[in-house]
Enquirer: 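Got a structure here, written out as structure tokens. Questions coming.
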Amino acid sequence: APFVIYLIYVNCVLCKAFVHYQELCARYYFGKEREYWADYQLLPMDDGSYQMRFELFNQNDTVQTLIWDSYFVKYPEFVDVNEDGYVDMKVVIDSVPAYDTVELYIWDEEKNCFQEVICEEQLAHIESKEGQLWNWTRYGEGYVLQIFTWKDNELIKVSEEVIMPDVNEE
């Protein structure tokens, strides 16, 4: 059965699909029977950054705790990046004027938790296409398109192309 995120309501307000944001925290429900739930907190640090804390539970047992740092208040997005039928997590770790840089965590059905995706390249605007992951980053007036294939929780780059606008087109 597919792993899904359920909509939740808090104070009769539904904000963004799948989750309600309240101050600097959020709650998510996962699984066909809502057997998993997660709390997400942004903890302000003295230097102006935030420590993001994502805690995954099954019943009342902590299954996993993920912690990362960021200077930007952005909540995780849940999408099926590896096209296996389970939701995966995309988190913003940095932001530049043209795009956000992200880390990915894919759901591991055997271990019942998220696994960090290993990639030697900076990930930004990503798309899942036919079993591959396409990564777009800004390059001058154009873009760089990197195409990756999956090997377990690792992304293997198969191609890279610089795409510049045609200056002769009107």
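Index from 1, following the sequence.
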Enquirer: Just checking, any donor-acceptor pair under 3.5 angstrom between side chains of Trp136 and Glu127?
Expert: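 A pair is found: one side chain offers a donor N or O, the other an acceptor, under 3.5 Å apart.
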Enquirer: Between Asp80 (side chain) and Gly85 (backbone), is there a donor-acceptor pair under 3.5 Å?
Expert: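 Between the backbone of Gly85 and the side chain of Asp80 there is a qualifying donor-acceptor contact (under 3.5 Å).
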Enquirer: Do side-chain atoms of Asp100 reach the backbone of Val92 as a donor and acceptor pair under 3.5 angstrom?
Expert: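 Flag not set: sc Asp100 to bb Val92 has no pair under 3.5 Å.
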Enquirer: Is Asn112 close to Asn58 at the side-chain level, that is, under 4.5 Å between some pair of heavy atoms?
Expert: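 Not in contact.
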Enquirer: Is it possible for you to say whether Leu123 and Val79 belong to one hydrophobic cluster, with membership spreading through side-chain heavy-atom contacts below 4.5 Å?
Expert: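 Linked, Leu123 and Val79 end up in one cluster.
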Enquirer: A side-chain contact here means heavy atoms from C-beta on lying under 4.5 Å apart; do Leu104 and Ile126 qualify?
Expert: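 A side-chain contact under 4.5 Å exists here.
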Enquirer: Do Thr137 and Tyr139 come close enough that some side-chain heavy atom pair is under 4.5 Å?
Expert: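 Answer no - side chains too far apart.
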Enquirer: Looking at side-chain heavy atoms only, is the closest gap between Phe148 and Gln146 below 4.5 Å?
Expert: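 A side-chain contact under 4.5 Å exists here.
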Enquirer: Looking at CD1 of Ile93 and OG1 of Thr101, how far apart are the two atoms once the value is rounded to the nearest 0.5 Å?
Expert: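 These two atoms lie 4.5 Å from each other.
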Enquirer: Restricting to non-hydrogen atoms, name the atom on Gly131 and the atom on Glu83 that form the minimum distance, rounded to 0.1 Å.
Expert: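 Looks like N-OE1, 2.6 Å.
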Enquirer: Could you report the tightest heavy-atom contact between Arg138 and Tyr99, atom names first, then the distance?
Expert: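 It is N-CE2, 3.3 Å.
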Enquirer: Between the main-chain N or O of Glu116 and the side-chain N or O of Asn153, is there a donor-acceptor pair closer than 3.5 Å?
Expert: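 Yes; at least one donor-acceptor contact below 3.5 Å.
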Enquirer: So do the side chains of Val81 and Lys90 get within less than 4.5 Å of each other, counting heavy atoms only?
Expert: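 Heavy-atom side-chain distance check fails, nothing below 4.5 Å.
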Enquirer: Should Val117 and Ile147 be counted in the same cluster of Ile, Leu, Val, Met, Phe, Trp and Tyr side chains packed under 4.5 Å apart?
Expert: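 Different clusters: Val117 never reaches Ile147 through Ile, Leu, Val, Met, Phe, Trp or Tyr contacts under 4.5 Å.
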Enquirer: Give a yes/no verdict on a cation-pi contact between Arg53 and Tyr40, requiring under 6.0 Å between NZ or CZ and the six-membered ring centre and an angle within 45° of the axis.
Expert: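 Negative - Arg53 is either too far from the ring of Tyr40 or too far off its axis.
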Enquirer: Flag the pair Val144 / Val162 as yes when at least one side-chain heavy-atom distance between them is below 4.5 Å, and no otherwise.
Expert: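 When only atoms from C-beta onward are counted, Val162 and Val144 do touch, with a gap below 4.5 Å.
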Enquirer: What closest approach, in Å, do Met52 and Ser70 show between heavy atoms, and which atom pair accounts for it?
Expert: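 Heavy-atom minimum between the residues: CE-CB, 3.6 Å.
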Enquirer: CD of Glu109 to CG of Asp84: how many Å apart, nearest 0.5 Å?
Expert: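 With rounding to 0.5 Å, CD (Glu109) is 9.0 Å from CG (Asp84).
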Enquirer: Donor-acceptor pair, distance only, cut-off 3.5 Å: does the side chain of Asp152 make one with the backbone of Glu154?
Expert: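 Not confirmed, Asp152 side chain does not pair with Glu154 backbone.
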Enquirer: Tell me whether Val102 is reachable from Leu145 by hopping between hydrophobic residues (I, L, V, M, F, W, Y) whose side-chain heavy atoms are closer than 4.5 Å.
Expert: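 No, separate clusters.
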Enquirer: Between Val158 and Leu133, is there shared hydrophobic-cluster membership here, with clusters defined by ILVMFWY side-chain heavy atoms closer than 4.5 Å?
Expert: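 Cluster IDs for Val158 and Leu133 differ.
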Enquirer: Taking everything shown except Tyr143 itself, do over 12 heavy atoms lie less than 6.0 Å from its OH?
Expert: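 Incorrect, the count does not exceed 12.
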Enquirer: Would you give the length of the straight line joining atom OH of Tyr86 to atom CD1 of Ile106, rounded to the nearest 0.5 angstrom?
Expert: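 Spacing of OH (Tyr86) from CD1 (Ile106) equals 12.5 Å.
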Enquirer: Parallel, tilted or perpendicular: which one describes the rings of Trp107 and Phe114, with boundaries at 30° and 60°?
Expert: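 Rings of Trp107 and Phe114: perpendicular, over 60°.
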Enquirer: Quick one: are Leu155 and Trp150 in side-chain contact, heavy atoms under 4.5 Å?
Expert: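 Sidechains of Trp150 and Leu155: in contact.
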Enquirer: Just by distance, do the side chain of Asp69 and the backbone of Gln51 share a donor-acceptor pair under 3.5 Å?
Expert: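 Side chain of Asp69 to backbone of Gln51: no pair is present.
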Enquirer: How many angstroms lie between atom CD of Gln41 and atom CD of Glu55, to the nearest 0.5 angstrom?
Expert: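 Taking CD in Gln41 and CD in Glu55, the distance rounds to 7.5 Å.
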Enquirer: Can you tell if the side chain of Asn82 reaches within under 4.5 Å of the side chain of Asp88, non-hydrogen atoms only?
Expert: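 Asn82 reaches Asp88 side chain to side chain.
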Enquirer: Test your reading of the model: is there a side-chain donor-acceptor pair from Glu103 to the backbone of Val91, 3.5 Å cut-off?
Expert: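 Answer holds: no.
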